[in-house]
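The block underneath contains the structure these notes are about, expressed in structure tokens.
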Amino acid sequence: MPARSCRVTIKDMEGVEHTVSVTASTLYEAVALGLVSMRGEEWVAGMAGGLNAVRVTAVSVPVEHTVRLKDFQEWVRGRGGSPREVAARSRIREILGLR
């Protein structure tokens, strides 16, 4: 199973929620990494066991792209390509008011 970025949240003994970010391949690995990350932190007032729930949220890894405006403008003015590209270009032209 591929590793995922996860947010692990648990309430401490005073009812305060604490969240850490971990990278894990399984749910239980995320719980373990989260607990270890919080253990010993002075802001965490101990963690209750038993029925205390640990919330794990798998998050998509953000992907950042950089496009030169010149390349974008050339692509918008372009013609042809696959049907998918033609439709995408048409949609972008519509957004830009270039119809």
Side-chain angles (χ1 to χ4, degrees):
M1 192 174 254
R4 294 183 182 198
S5 180
C6 302
R7 288 191 320 262
V8 179
T9 304
I10 190 167
K11 285 185 183 179
D12 67 15
M13 299 285 275
E14 295 176 354
V16 176
E17 281 191 352
H18 301 275
T19 302
V20 295
S21 295
V22 300
T23 302
S25 297
T26 67
L27 172 62
Y28 285 171
E29 182 180 352
V31 171
L33 291 169
L35 292 173
V36 168
S37 295
M38 290 183 214
R39 190 179 296 151
E41 286 292 324
E42 58 186 80
W43 286 11
V44 180
M47 286 178 264
L51 299 178
N52 194 13
V54 178
R55 185 171 63 240
V56 176
T57 306
V59 293
S60 296
V61 177
V63 177
E64 182 176 309
H65 302 275
T66 302
V67 176
R68 292 185 309 181
L69 198 49
K70 176 183 176 243
D71 294 338
F72 170 75
Q73 292 166 335
E74 286 176 10
W75 180 83
V76 169
R77 286 190 301 264
R79 300 275 179 229
S82 69
R84 184 178 185 173
E85 186 176 352
V86 170
R89 189 179 288 117
S90 176
R91 174 73 179 129
I92 299 303
R93 287 178 182 151
E94 184 178 315
I95 290 169
L96 295 172
L98 299 174
R99 286 210 153 226

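What you are looking at is a predicted structure, and each value in this text was computed from that prediction instead of being measured.
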Would you please name every residue forming a side-chain contact (heavy atoms from CB on, under 4.5 Å) with Ser82, sequence neighbours left out?
Arg84, Glu85
Nearest heavy-atom neighbours spanning Ala3 and Thr23:
CB-CG2, 3.7 Å
Quick one: salt bridge (Lys or Arg N to Asp or Glu O under 4.0 Å) partners of Glu94, sequence neighbours excluded?
Arg91, Arg99
Return the minimal non-hydrogen interatomic distance between Gly81 and Val86, and the atom names on each side.
O-CG2, 3.9 Å
Quick one: which residue pairs count as a side-chain hydrogen bond (donor to acceptor under 3.5 Å, both in side chains) with a foot in residues 24-38, not counting sequence neighbours?
none
Can you list the other members of the hydrophobic cluster that holds Val36, where links are side-chain heavy atoms under 4.5 angstrom apart?
none
Among all residues two or more places apart in sequence or in another chain, which pass the side-chain hydrogen bond (donor to acceptor under 3.5 Å, both in side chains) test with Thr9?
Thr19
Clusters formed by hydrophobic residues whose side-chain heavy atoms approach within less than 4.5 Å: which one holds Ile92, and what are its other members?
Val67, Leu69, Phe72, Trp75, Val76, Ile95, Leu96, Leu98
CZ on Arg77 to CZ on Arg89, rounded to 0.5 Å:
11.5 Å
Euclidean distance, Leu35 CG relative to Ile10 CD1, rounded to 0.5 Å:
5.0 Å
Minimum-distance pair of heavy atoms, taken over all atoms of Glu14 and Asp12
N-OD1, 2.8 Å
For a quick test of reading the model, state the closest non-hydrogen atom pair linking Gly78 to Arg93 and the distance between them.
O-NH2, 2.6 Å
What residues, two or more places apart in sequence or in another chain, satisfy salt bridge (Lys or Arg N to Asp or Glu O under 4.0 Å) together with Arg68?
Asp71
Please enumerate all residues that pass salt bridge (Lys or Arg N to Asp or Glu O under 4.0 Å) together with Arg55, with sequence neighbours excluded.
Glu17
Check: Val8 and Leu33 side chains under 4.5 Å, non-hydrogen atoms
no
Going by the rule salt bridge (Lys or Arg N to Asp or Glu O under 4.0 Å), which residues pair with Arg4 if we only count those two or more places apart in sequence or in a different chain?
none
